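What follows is a short report on a single structure.
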Amino acid sequence: MGIVAAADADSAVRLRAFAFLEEQTRLHGDGLPWSVLSRGFEYEGRRVPLVGPQGIFTPAVLRLPLTITTAPVVVGKERPYDDHVGADGLLEYRYRGTDARHRDNTGLREAMQRKIPLVYLHGVVKGWYVAAWPVFVVADDAARLTFTVAVGQQPAPLSGEQSLADLELETDGERRYATRATLVRLHQQGFRIRVLEAYRQRCAICRLRHRELLEAAHILPDGHPRGGAVVPNGIALCTLHHAAFDRNVLGVRPDLTVEVRLDVLHEVDGPMLEHGLQGFHGAAITVPRAEHLRPDRDFLAERYELFRNAS
Ligand SMILES: [Zn+2]
C-alpha cells in the first residue's frame, strides 16, 4: 500500500469510527457500554474494536492509535492512570508506563505531529463510557510523562473531501473553549449514567425499566448553587415522570412520598392521567439501597417547598 492509500485508509477508518460513535451514542442515550466499544464496527470485512486492555488503543487495521481511554473510578481504588484537566483547561493524558519510547507513546506522539484525530473515552461507572471526538494530542511533556489533549471540531457531514487534520482548532482560546464545553457535556452524560446505575435502570416512581425512556432528574435544578450533578441530587425517572417532576405536576416529599398537584389529582381525563399520574399519589419512590446514593433529604425538602409554592 502506498503512502497516499495508507493515509486514505487511516482517514476512512477514523471517519467510520466517528459515525459509529454518533450512532451508538444516540442509540444508548449518551453512554456507551463496554461491550459495544469492544465489538466495534466492520471496515472492509475486518472488525475494528475501539477499546483494548490498555488505555491507548490501536486496532489491527491502523498503524497509529484510534482511542485513548480513562478507566472508571472504582470506589476504594485509585485510577490506573491519573488523568485530569490541566491548568490550561486542556485534558492531561498520562503516558503508558514510564518509557517514552513505548509503542503506544510513540504512536500518540506521531499522531500529534501529523495532526491525526483520536477518540477520547471516559469511564463513568464499570462498563459504561462517554465519548468525545475528534480530539488531538497538542503537546507532549516527557518530564511529566504526560500528553496534552484538546477537543477539535466535528467534521461537517456534507463538506465532501476534507483533511482530518483541518479539524484541529488553531488557537489556544478555541481549543480551551471546545474542550471545556465537551467536558461539561461529558459530565452531564456521566450524571445520567451514574444515576441510572444507582437506581438499577428503573424509574423511581413507576419502575419502568426501559433505559431509552429513562432520565436523571436533578432534585435541585442545574443552575442552583447546591444543585450539582451528583447522585444524591438525582432521581432516575422515566420521561413522563421527569417532565411532571420538573414542571411541578408532582412532587416528592422528604419522606420519599409522591404527591400529585391537587388540581391534577382532581382532573378527569383518560387512563394515562389516571394510571400514569394520579395512581402514584401517596406512593413511595424506590431509592437505591446504598445510603450514600439515596436522595439528599435537605435537597428534597428544598425542592418540595418549590413544589408547594407552585401548587
Ligand atoms: Zn415513571
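The structure presented is a predicted model; accordingly, all values stated were derived computationally and were not measured. First listed ligand is number 1; within each ligand, the first listed atom is number 1.
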Next item on the list: Kindly give the heavy-atom pair with the smallest separation between His241 and Cys203, and that separation in Å.
Entry: ND1-SG, 3.7 Å
Next item on the list: Start with the C-alpha distance between Gln113 and Arg109, add both sets of side-chain angles, then the distance that settles side chain to side chain contact (heavy atoms under 4.5 Å, CB included), and finish with yes or no.
Entry: CA-CA 6 Å; Gln113 285 149 0; Arg109 202 166 293 122; 4.0 Å; yes
Check: Taking the N/O/S atoms of His241 one by one, which is nearest to the Zn ion (ligand 1)?
Finding: ND1
Next item on the list: Look at the N, O or S atoms of His242, main chain and side chain alike, and state whether any lies under 2.8 Å from the Zn ion (ligand 1).
Entry: no
Margin query: Is the terminal nitrogen or CZ of Arg16 (NZ for Lys, CZ for Arg) located under 6.0 angstrom from the six-membered ring centre of Trp133 and within 45° of that ring's axis?
Written below: no
Notebook entry, point to check: Ion pair present between Arg226 and Glu302, side-chain N to carboxylate O less than 4.0 angstrom?
Noted result: yes
Margin query: Using the Zn ion (ligand 1) as the vertex, how large is the angle between SG of Cys238 and SG of Cys206, rounded to 10 degrees?
Written below: 120°
